[in-house]
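Numbering of residues begins at 1 and proceeds along the displayed sequence. We count ligands from 1, going down the list as the structure has it; atoms in each ligand are counted the same way. Below, each value reflects all heavy atoms present in this structure, side chains not excepted, and no hydrogens, waters or symmetry copies.
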Amino acid sequence: MNRTLATAALLATALVAAPSPSARAADPPQLGKSSVRDVIAAMTREEKVGLVMGTGLNVPGLSLPPDMQAPVVGVTASGVPGAAGTTLAIPRLGIPAIVVADGPAGLRIQPTRKGEEGRTYYCTAFPVATALASSWDLDLVERVGRAMGNEVREYGVDVLLGPALNIHRNPLGGRNFEYYSEDPLVAGRMAAAMVRGVQSQGVGTSIKHYAANNHEWNRDTIDVKVSARALREIYLRGFEIAVREGGPWTVMSSYNKINGTYTSQSPALLQGVLRDDWKFDGLVMTDWFGGRDPVAQMTAGNELLMPGTGRQRRELLAALESGALKEDVLDRNVERVLALVRRTPAFHHAAHGDHPDLKAHAEEARQAAAEGMVLLRNQGALPLRAPAKVALFGNSAYSTIIGGTGSGDVNEAYVVSLAQGLKDAGFVVDGALADAYPPYIKEAEGKRPPMPMPFLLPPPIAEMTVSADEISRLAREADLALVSIGRNSGEFRDRTLENDFDLSSAEKSLLQAVASAVHAQNKKLVVVLNVGGVIETASWRDQADAILLAWQPGQEAGHAIADVLVGRTPPSGKLATTFPVRWADVPSSAGFPGKTLLGPDPNARGPFAGDRAAEVAYDDDIWVGYRHFATRGVTPAYPFGFGMSYSTFGYSDLKLSAPASDKSMTASVTVTNTGKVPGREIVQMYVSAPGQSMPKPALELKGFAKTRLLAPGASQVLTLTLSPRDLASFDAASSSWKVEAGTYTVKIGASSADLRQSATFTRAAEILDRSSR
Ligand code: BGC
């Protein structure tokens with residue numbers, strides 16, 4: 001398929017005013033052949049302004065107010081239907097349009113195209129980021145990235161709008177499923193691995209949403225009030241790791257403000273931190289319609305405004321005219337857009353076949369899903385042995401939730417439900433339930449009111465009621481009961497405490513009724529959590545003989561869950577986010593999600609029309625997740641890093657190396673499978689700092705590794721590295737990273753609450769990386 005799009009060319013022609021006489025040379029310079037300086041010199045102002053913004057958004061069903069419409073009304077070019085945006089092509093200068101598309105769990109494009117009946121463009125729905133992070137397996141995430149990147153390239157897209165790595169600050173964050181962890185090291189390393197995987201295919205990524213976009217409520221207006229230390233150590237640190245270790249082609253700024261300034265308009269964030277401190281050399285794009293002032297965005301170093309609007313175009317042209325926007329600032333940004341364009345398949349006229357190996361990628365998705373599942377409880381119920389008759393309860397057992405909604409959604413070819421996965425693994429699912437659930441769900445879906453906007457999360461369907469008599473019959477006739485609890489969430493809305501974080505009363509009654517019926521028959525109840533984020537478990541977990549946290553596992557859901565239930569893939573995932581006993585135990589819950597300020601936001605428009613001026617104080621500061629629970633002795637339901645296996649593991653021989661010349665050191669530890677079946681163990685390295693000159697958490701994760709599949713009795717030595725920067729905290733007064741003097745303890749273990757080996761070392765005080773801001 002030819003990537004030089006007729007529509008984009010049309011748009012280019014429409015946008016281009018007559019070039020200046022000097023630019024009207026016989027052979028205009030060509031990108032890649034002539035110097036960039038010459039190419040820019042040959043551009044009209046209109047072309048330059050056209051290049052620093054996308055060509056608009058065209059979502060069927062979404063009507064935008066006039067000022068949010070495309071730069072040239074009526075033309076919203078995209079070479080790939082369903083992609084999120086396109087940049088301007090200027091064919092006379094050899095500049096092609098590039099295509100960007102979501103998102104974190106797989107490529108999101110339209111699966112069918114008008115006039116191409118019989119052809120499809122399905123993408124693989126991989127497990128959501130929360131699930132991938134729970135694998136703690138960077139090689140696996142890189143492999144998933146390679147498969148995802150291959151689809152991006154095969155379908156003619158240039159930049160994938162992912163991975164997303166905001167911190168899980170609160171369980172109710174509506175997009176937590178798209179993000180990895182409450183811990184910046186896990187989030188940053190996962191994102192870096194994903195970036196490396198995707199970009200190995202010759203396409204780009206956009207790590208998002210930079211930064212402190214931790215919930216959805218008033219996301220387009222909210223002002224996050226956060227200390228410099230928490231910002232650097234918690235909310236920016238993951239991005240820093242992803243930039244340094246992954247090298248993403250682009251970064252997407254977020255919707256929110258930080259301490260009064262929109263992130264996309266913040267020179268401190270985009271120039272100071274990102275480019276000066278971290279040496280980022282790629283491009284920054286806005287989130288879709290993010291920020292308010294295009295001139296401030298250009299000046300701050302947000303080079304690309306997405307998806308691009310007519311208002312932005314008019315304002316930038318007027319600002320150039322008045323001098324409010326300097327031509328050299330615009331030129332710098334144009335140069336960075338061109339640098340991105342030059343990296344893309346579009347620029348290299350790369351052929352693409354539209355035929356990714358979806359079968360191989362489905363296998364990858366299945367393996368990744370299984371590796372990310374977390375066994376939370378097992379009182380001798382698992383592994384299961386087929387054949388067995390399963391009484392399978394719960395809407396999500398039949399209509400399994402494979403990923404969240406909004407831009408994090410994927411148009412996959414099929415979904416393997418839990419019911420199907422169990423059948424394929426040789427189990428018999430009770431026929432009466434299997435016959436009742438699907439029509440109940442279909443009917444309830446049909447009754448839902450149409451959603452006012454595309455990709456909004458539809459209201460959940462109430463759990464189907466199963467009579468007490470039926471439950472008794474099933475308890476007698478089936479070999480075991482399995483209840484699936486499902487949750488979905490997505491863009492624009494946070495989750496709720498009632499009926500979401502907490503189980504609904506229908507779910508509680510179902511669990512209770514099934515538990516007492518099967519236990520009366522000396523049979524077991526297994527609960528599968530088909531959720532994208534954290535839910536309450538402490539009040540009901542004792543009723544279950546086993547709990548498998550399957551997350552939202554992607555399109556191979558049912559197969560992957562069955563793989564873990566029978567031990568074909570032994571469970572090895574661990575939590576990358578704490579499960580608290582109560583929502584209120586999470587420190588950010590106190591002020592969540594923030595407060596509205598006086599009056600509606602006069603600028604809230606289009607998809608954000610409901611947004612009010614709002615702010616949220618991050619009073620939890622650096623005490624996010626286990627940093628809070630471990631330091632303040634608050635017992636969670638399941639601690640950070642927790643996850644069971646069908647086997648057990650012993651830890652021995654922790655050895656710290658002497659500091660190397662760069663003062664980094666290594667910790668090595670031997671892990672032995674002490675159980676009876678094969679398994680993999682995730683080893684976590686925490687450090688306790690002296691905490692004399694500044695408050696420090698009791699523990700901070702500084703490294704992790706996962707063993708290979710160890711046979712019973714087999715051992716593996718794992719070696720983890722600790723650099724001086726890992727020991728440092730951000731000191732706001734001097735704007736630098738400080739290592740305090742004193743004795744540090746390295747603690748290695750199976751979770752943040754199960755530390756097995758420790759060793760100490762001392763360090764002298766040190767100042768590192770003094771920041772430009
Ligand atoms: C989301 C981004 C996404 C963009 C394009 C926005 O609403 O916040 O994550 O990449 O849309 O679809």
Going by the atom numbers of ligand 1, which of them fall below 4.0 Å from some non-hydrogen atom of R219?
-> 7 (O), 8 (O)
If we number the atoms of ligand 1 from 1 as shown, the ones under 4.0 Å from a heavy atom of L161 are 10 (O)
Ligand 1 to M252, heavy atom cutoff 4.0 Å, flagged ligand atoms 10 (O)
Heavy-atom gap F289 to ligand 1 smaller than 4.0 Å = no
For E154 and Y121, run side-chain hydrogen bond (donor to acceptor under 3.5 Å, both in side chains): C-alpha distance rounded to whole Å, both residues' side-chain angles, the deciding distance at 0.1 Å, then the answer.
-> CA-CA 10 Å; E154 272 293 309; Y121 298 81; over 6 Å; no
Ignoring hydrogens, just give me the one of D220, N213, D102 whose non-hydrogen atom is nearest atom 5 (C) of ligand 1.
-> D102
Which ligand 1 atoms, with their elements, are less than 4.0 angstrom from a heavy-atom of D287?
-> 1 (C), 2 (C), 3 (C), 4 (C), 6 (C), 8 (O), 11 (O)
For ligand 1, which atoms have a heavy atom of K208 less than 4.0 angstrom away?
-> 2 (C), 3 (C), 9 (O), 10 (O)
Per-residue contact class, R175 against ligand 1 - non-hydrogen pairs under 4.0 Å = side chain
Would you say the side-chain atoms of N530 pair up with the backbone N or O of W551, donor to acceptor, closer than 3.5 Å?
-> yes
What one should report as the nearest heavy-atom pair of A557 and I402 is CB-CG2, 4.0 Å
Worked verdict on R292 versus T221 for side-chain contact (heavy atoms from CB on, under 4.5 Å) | CA-CA 10 Å; R292 288 290 181 275; T221 50; 3.8 Å; yes
Does N214 offer a backbone N or O that forms a donor-acceptor pair with the side chain of N166 under 3.5 Å?
-> no
Ion pair E240/R189, N-O distance below 4.0 Å = no
Would you please determine whether M306 falls within less than 4.0 Å of ligand 1 on a heavy-atom basis?
-> no
Should you measure from each heavy atom of A84, which atoms of ligand 1 turn up under 4.0 Å away?
-> 5 (C), 12 (O)
Is it the side chain, the backbone, both or neither of R108 that has a heavy atom closer than 4.0 Å to ligand 1?
-> side chain
Please confirm whether E491 comes within less than 3.5 Å of ligand 1 when only nitrogen or oxygen atoms on both sides are compared.
-> yes
Result for side chain to side chain contact (heavy atoms under 4.5 Å, CB included) between V152 and one of L107, V159, V100, T205 points to L107
More than 12 heavy atoms of other groups within 6.0 Å of R493 CZ | no
Which ligand 1 atoms are under 4.0 Å away from a heavy-atom of Y255?
-> 6 (C), 7 (O), 8 (O)
Ring center gap for H209 and Y255 short of 6.0 angstrom = no
Could you list the atoms of ligand 1 found under 4.0 angstrom from a heavy atom of H209?
-> 2 (C), 8 (O), 9 (O)
